Amino acid sequence: MSAHLLENLNPEQLAAVTLPHESALILAGAGSGKTRVLTTRMVWLIQGGQVSPHGILAVTFTNKAAKEMMTRISAMLPINTRGMWVGTFHGLANRLLRTHWREAGLPQSFQILDSADQLSAIKRLMKSMNIDSEKYEPKKVQRFISANKEAGLRARDVEAFDAYSTRLVEIFEAYDAQCQREGVADFTELLLRSYELLLRNEPLREHYRDRFKHILVDEFQDTNTLQYRWLKLLAGPGTALFAVGDDDQSIYAFRGANTANMAEFEREFAHGNVIKLEQNYRSHGHILTAANTLIAQNAHRLGKNLWTAEGEGEPIRVYAAYSDQDEASFVVEEVRALNREGINLSDMALLYRSNAQSRVLEHALFSASVPYRVYGGLRFFERLEIKHALAYLRLLTNPEDDGAFIRVVNFPARGIGARTLELLSAHAAQSGASLWQAACTASGKVAGFAKLIEDIKQATRELPLAEVIDHVIEASGLADFYRADKDGSERLENLNELVNAAALFGQEAEEATLDSFLAHAALEAGEHQAGVGLDALQLMTVHAAKGLEFHAVFITGLEESLFPHEQSTLKGTSANEESGLEEERRLMYVAITRARRRLYLSHAQSRMLHGQVRYGLPSRFLDELPQQVLSPLNRRSGSAQPQSFGYAAPAVSIGVVKNAGNDTGYRVGQSVAHAKFGSGIIIDFEGRGADARVQVKFRDAGTKWLALAYANLSIV
DNA sequence: GCGTGACATTTTTTT
DNA sequence: AATGTCACGC
């Protein structure tokens, strides 16, 4: 074994990498070398002859993480890594189902529905069941179905307690039946179906249990109930489960991630075999102190404190802006200054809680000609024109796919409207056939469509993948449609890009069939964006920043109801409120720990939200940080603007400033303090003189109307 | 069957 | 503000 493999590992990392063949839980803090430990262990196991690449299963959450893992392993190991099962939960589940489709009760060419496909399938189903979509919102139905499947439950396992939930369960059941009929599986179905397959098929289960001597899981804190069960089922008595995670970075509870899995795993598998990686190699001292102090205020933790051998570094800069625009221009100036000092734009990140906040920031960056790149948003395979092209392809390989049929039967327009389709689906339902089968016996325009698909099928029979797609785009009329559309050139380019993607896939994939390409498109909606090489400022939500690091990080919009987000704490029971706030705090923790050297925190007194000016109080998270590592920034000197934190008139740009009478000295947007209710901000007023009343939004006491004559508000 | 305007609806996101 | 959804009229 090459000796340098284990060089430069600290004692804890070394212990984790060289653990014997036992299950273990690795609590790996932010920046503690988690991925390195994971990949080094795999290489160590293989090089030491303890296991063949064939006997390893490694699971991640994102394709990016899986790819990263593979790249690192290939760099360390000169062997063929093909036989290794490294991938996302969904990717691996798909692999199982493709191999054992018959046993799993699926057609060989089953197709994968992404969330949007799933939603339209639900809408279609509800229409056919005559269900009022006002009373049962399709999105809620989708959440209901997904949440149950993620908990490992089928419709028959769900207990209904009233008329409403009874109906929901009925829809759930009908939805699964429809998917089965059409030969499609949604994301969660991949997991649930492969779980059930292994559960019921003992020989198969034993085969895989025997095969996988080591199962390694990344980002374990993000697993949901079903994923954990899936892992437990695959792990036999001779399997060592190696789970790496950080409960403090669990930020996906809102979509089913179950933090309790970590504690449960410790009890069920690790049996005290727990290693904590607490040395942080990323951030300077003050930044870590801030992160540690903040997260210590969460009650539900496994407990862990990061430390660094680096110095304290610079203080954390806090900027109180008058408005969102002021905040944006502050960021622009700082970014430019740092860039002049030699920091690459790509080594700086601009983070926000929700996507809607990027607009103002983008505008300011654009006006100042600072190159930037926004992550998130519409992914390549989710674009409309791509979805259409893929639907044609799906129909070719799986004619039972009614969702694909509906999507393309009249796009581009062929004069097949709602009425015609209604008749067709009634006809199909009557004879228990798919829309495609019904179309084959139809006449008129529908028959023309059926012939078109048949012709394409004939013409592409012998063609390689990329040419199939090229032919489909032309023959379907998609290309002509976008050529005729004056705004269609970008969409045409994307369709071209799809052909390129297929060509690339043909070169790289083990088997470049149409089915595998379609699965690839559904499972890896990936970062197909151009301009990666350019030096540009990185804009993204805090969620999207997890796993990344930057020299300088700006966390913007640190205001109550924005971050922590009001939706996260408002609804539900007090227990939900508590856990919601804790998740927001973990989110803030993730944001802070992205920074290596420099961290900026900013909040704005006023902000445009939903087309209205809103006044917000500074986030409670700012108060929860140790004040000695913070350095409040004032507006650059020489400015005509007032300089203190809260005591300032809103910037001119936010519109009309109401004055509560010219004699009171109070105005909308002003920070005030009340003896009993604490600090707050004035959001409205009425009356004048002795009758004047103001509406104050208090940090902790809610929103109240107060008479100025009695309230004795002090200006903060 | 198709285009247009009124209307609601705004967290976070991967697969 | 901006975007998507839906009903209505041609």
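Here is how names work: the chains are called A, B, and so on, in the same order as the sequence lines, proteins then strands, and each is numbered from 1. Only a predicted model underlies this, so the values are computations on that prediction, with no experimental measurement involved.
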Using atom [atom1] of [X] as one end and atom [atom2] of [N] as the other, report the distance to the nearest whole Å.
X        : N      : atom1 : atom2 : result
A:Tyr589 : B:dT12 : OH    : P     : 24 Å
A:Gln567 : B:dT11 : CD    : P     : 7 Å
A:Met608 : B:dT10 : CE    : C1'   : 15 Å
A:Arg353 : B:dT10 : CZ    : P     : 15 Å
A:Leu523 : B:dT15 : CG    : P     : 9 Å
A:His543 : B:dT13 : NE2   : C1'   : 7 Å
A:Arg193 : B:dT15 : CZ    : P     : 22 Å
A:Glu422 : B:dG1  : CD    : C1'   : 14 Å

- Query: Do any N or O atoms from the side chain of A:Ser425 and from the backbone of A:Glu422 form a donor-acceptor pair under 3.5 angstrom?
  - Reply: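 Present.
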Under 4.0 Å: is that the gap between some side-chain N or O of [X] and OP1 or OP2 of [N]?
X        : N      : answer
A:Arg359 : C:dT3  : yes
A:Arg379 : B:dT14 : yes
A:Asn355 : B:dT13 : yes
A:Ser354 : B:dT10 : no
A:Asn410 : B:dG1  : no

Which part of the nucleic acid, if any, lies within reach of [X] when heavy atoms closer than 4.0 Å are counted: base, sugar-phosphate only, or nothing?
X        : value
A:Ala413 : sugar-phosphate
A:Ile112 : nothing
A:Ala544 : nothing
A:Phe254 : base

Test item: [X] and [Y] side chains (from C-beta on) under 4.5 Å apart, heavy atoms:
X        : Y        : value
A:Tyr322 : A:Ser606 : no
A:Val409 : A:Arg414 : no
A:Asp114 : A:Gln118 : no
A:Leu478 : A:Pro412 : yes

What's the closest nucleotide to the [X] side chain, out of [options]?
X        : options               : result
A:Lys123 : B:dT10, C:dT5, B:dG1  : C:dT5
A:Ala418 : B:dG1, B:dT15, B:dT13 : B:dG1
A:Thr420 : B:dT15, B:dG1, B:dT12 : B:dG1

- Message: Can you give me the dot-bracket string for DNA chain B, 5' to 3', counting Watson-Crick and G-U wobble pairs with both distances under 3.5 Å, using [ ] for crossing pairs and | for partners on another strand?
- Response: ||||||||||.....
- Query: Starting at the 5' end of DNA chain B and moving along, which residue's nearest nucleotide shows up first, A:Glu584 or A:Phe89?
  - Reply: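 The 5'-side residue here is A:Glu584.
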- Item | Which residue lies more 5' along DNA chain B, comparing A:Phe61 with A:Ile416 via nearest heavy atoms |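 Looking at DNA chain B, the more 5' nearest nucleotide goes with A:Ile416.
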- Carboxylate-amine/guanidinium contact A:Arg585 A:Glu624, below 4.0 Å: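 So A:Arg585 pairs with A:Glu624 through a salt bridge.
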- Query: Among A:Tyr195, A:Phe89, A:Phe220, which one satisfies ring pair (Phe, Tyr, Trp, His ring centres under 6.0 Å) with A:Tyr228?
  - Reply: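 By the ring pair (Phe, Tyr, Trp, His ring centres under 6.0 Å) criterion, A:Tyr228 pairs with just one of A:Tyr195, A:Phe89, A:Phe220: A:Phe220.
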- Considering only heavy atoms and no angle criterion, is a donor-acceptor pair shorter than 3.5 Å present between the side chain of A:Ser115 and the base of B:dT15?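 Between B:dT15 and A:Ser115, which were checked side chain against base, a qualifying N/O pair under 3.5 Å is present.
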- Query: Parallel under 30°, tilted from 30 to 60°, perpendicular over 60°: which one fits the rings of A:Tyr208 and A:Trp85?
  - Reply: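 Tilted.
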